[in-house]
Protein chains: 2
Amino acid sequence: MSGGDNLLKLVEAEEPDDNDYRLQEQVGFILRKAHQRHVSIFASQIGDLTPPQFAALAKLHDVGETSQNQLGTLIAMDAATVKGVIDRLKARGLVDLTKHEVDKRRLLVNLTPEGREAIERLIPLARAITQETLAPLTAKEAATFMRLLAKLA
Amino acid sequence: MSGGDNLLKLVEAEEPDDNDYRLQEQVGFILRKAHQRHVSIFASQIGDLTPPQFAALAKLHDVGETSQNQLGTLIAMDAATVKGVIDRLKARGLVDLTKHEVDKRRLLVNLTPEGREAIERLIPLARAITQETLAPLTAKEAATFMRLLAKLA
DNA sequence: TTGATATCATTTGCATACGAATGAATTTGG
DNA sequence: CCAAATTCATTCGTATGCAAATGATATCAA
């Protein structure tokens, strides 16, 4: 190796490979923090609904009546999680549940008028939440970020 | 449900603003899904430890003895959450807890030999998890993504 | 010094999140 | 047609995650 002794020593000193694991630079750790920050921004703008609850209402507003299970698929929640979310929305009168006439396994979920009013009122706030979440990025960076994030999700 | 047919809810719906809201394109929704995917990859590689538990061990390995509260700050967990994580690690013999000699409020957390063995064994797997999480991106895209994600977190 | 503040840890309550097991209803394959 | 497989929903157990309240200790300021 030509003239590399000093450089080699330096590199070895800085990169012992196993001792050098940096938690703060791992994608999972930063993803978790970014998600936490978003939830916090959401809560500051929409205090009385959680992001999953909002997602359920927004999707129902979008697609209309669906089964609980199907709704879960649309908003990326497993059956156990979606049940809890829908139960709480029902308790607040934002959705109602009816049995499917033909397929008796299914539970159909609908927005109530109150639920419809709520989601339509909240959607502008949700736009502001998206903007605030992306505020640390320029418009171009945000576009790039969204494109790459979508690939990961 | 009583009454009858579906009333067609033709809410004469041409408010472009409201109809345009696409949940699937909001940063918070995709962030949540990307995080879910990462947790799932983590679980497939490291079945007997959760990402927060791993983070606690990795950080302890990095900085040595710290108070429970300080550890929480380092790995972005509030006091209530970190307590649960540390309790479970203690129950498994991966950390031990001692009272601070001078400041009696503080609870000092240390890796046990088993905890040290575990984290050193798992770090290579964690590197693989990071790689697999970023696998949908090219190397250049991954670098860009990490830079932008860090700005958001 | 002491009274007000601040910090550390704990506890409680609520809300995701998911694996696994279960029961009911439907669909499929032979 | 029927037995097996699948689907839908529910329940249980475990693990974050955070707000708010509490108790113990430490620090600061008048």
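The figures that follow rest on heavy atoms only: side chains count, while hydrogens, waters and symmetry mates do not. In what follows, chains are A, B, ... by sequence order, proteins preceding strands, each numbered from 1.
- A salt bridge does not link A/Asp87 to A/Lys90: none of the charged side-chain nitrogens sits closer than 4.0 Å to a carboxylate oxygen.
- Between A/Ser40 and B/Gly84, the residue anchored closer to the 5' end of DNA chain D is B/Gly84, taking for each the nucleotide with the nearest heavy atom.
- A straight line from CG of A/Asp48 to C1' of D/dA19 spans 16 Å, rounded to a whole angstrom.
- Taking atom CD of residue B/Gln36 and atom C1' of nucleotide C/dT16, one finds them 10 Å apart after rounding to whole Å.
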Exercise. Could you run through nucleotides 1-13 of chain C and give me one letter per nucleotide, 5' to 3': B if any protein heavy atom sits under 4.0 Å from the base, S if only the sugar-phosphate is that close, - if neither?
Key: ------BSSBB--

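- As judged by a 4.0 angstrom heavy-atom cut-off over every strand, B/Val109 is placed among residues making no nucleic acid contact.
- Atom NZ of A/Lys90 and atom P of D/dA9 are 15 Å apart (whole Å).
- In this structure, the NZ atom of B/Lys33 is 12 Å from the P atom of C/dC18, given to the nearest Å.
- Atoms CD1 (B/Ile86) and C1' (D/dT16) sit 13 Å apart, rounded to a whole Å.
- Taking a cutoff of 4.0 Å between a charged side-chain nitrogen and a carboxylate oxygen, A/Glu114 and A/Arg92 do not qualify as a salt bridge.
- In this model, the phosphate group of D/dA15 is not approached by any side-chain N or O of B/Thr50 to a distance below 4.0 Å at OP1 or OP2.
- Protein atom CD of B/Gln53 is 11 Å distant from nucleotide atom P of D/dG17, rounded to whole Å.
- Contact annotation for B/Val39: no contact, since no heavy-atom pair falls under 4.0 Å across all strands.
- Rounded to whole angstrom, the span from the CZ atom of A/Phe42 across to the C1' atom of D/dG17 amounts to 16 Å.
- Between A/Asp103 and the choices A/His100, A/Arg105, A/Lys99, the side chain to side chain donor-acceptor pair (under 3.5 Å) rule is met once, by A/Arg105.
- Within 6.0 Å of CD in A/Gln131 there are 12 or fewer heavy atoms belonging to other residues, nucleotides or ligands.
- Using a 4.0 Å heavy-atom criterion, one finds that A/Val82 contacts no nucleic acid atom at all.
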Self-check item: From CA spacing to verdict: side-chain contact (heavy atoms from CB on, under 4.5 Å), B/Leu148, A/Thr144
Solution: CA-CA 9 Å; B/Leu148 300 179; A/Thr144 301; 4.2 Å; yes

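- Two residues, A/Thr81 and A/Lys104, neighbour DNA chain C, and the one matched to the more 5' nucleotide by heavy-atom proximity is A/Thr81.
- A donor-acceptor contact shorter than 3.5 Å is absent between the side chain of A/Gln36 and the backbone of A/Lys33.
- Distance CZ (B/Arg88) to C1' (D/dT14): 8 Å, rounded to an integer number of Å.
- Aromatic ring centres of B/Tyr21 and A/Phe54: separated by under 6.0 Å.
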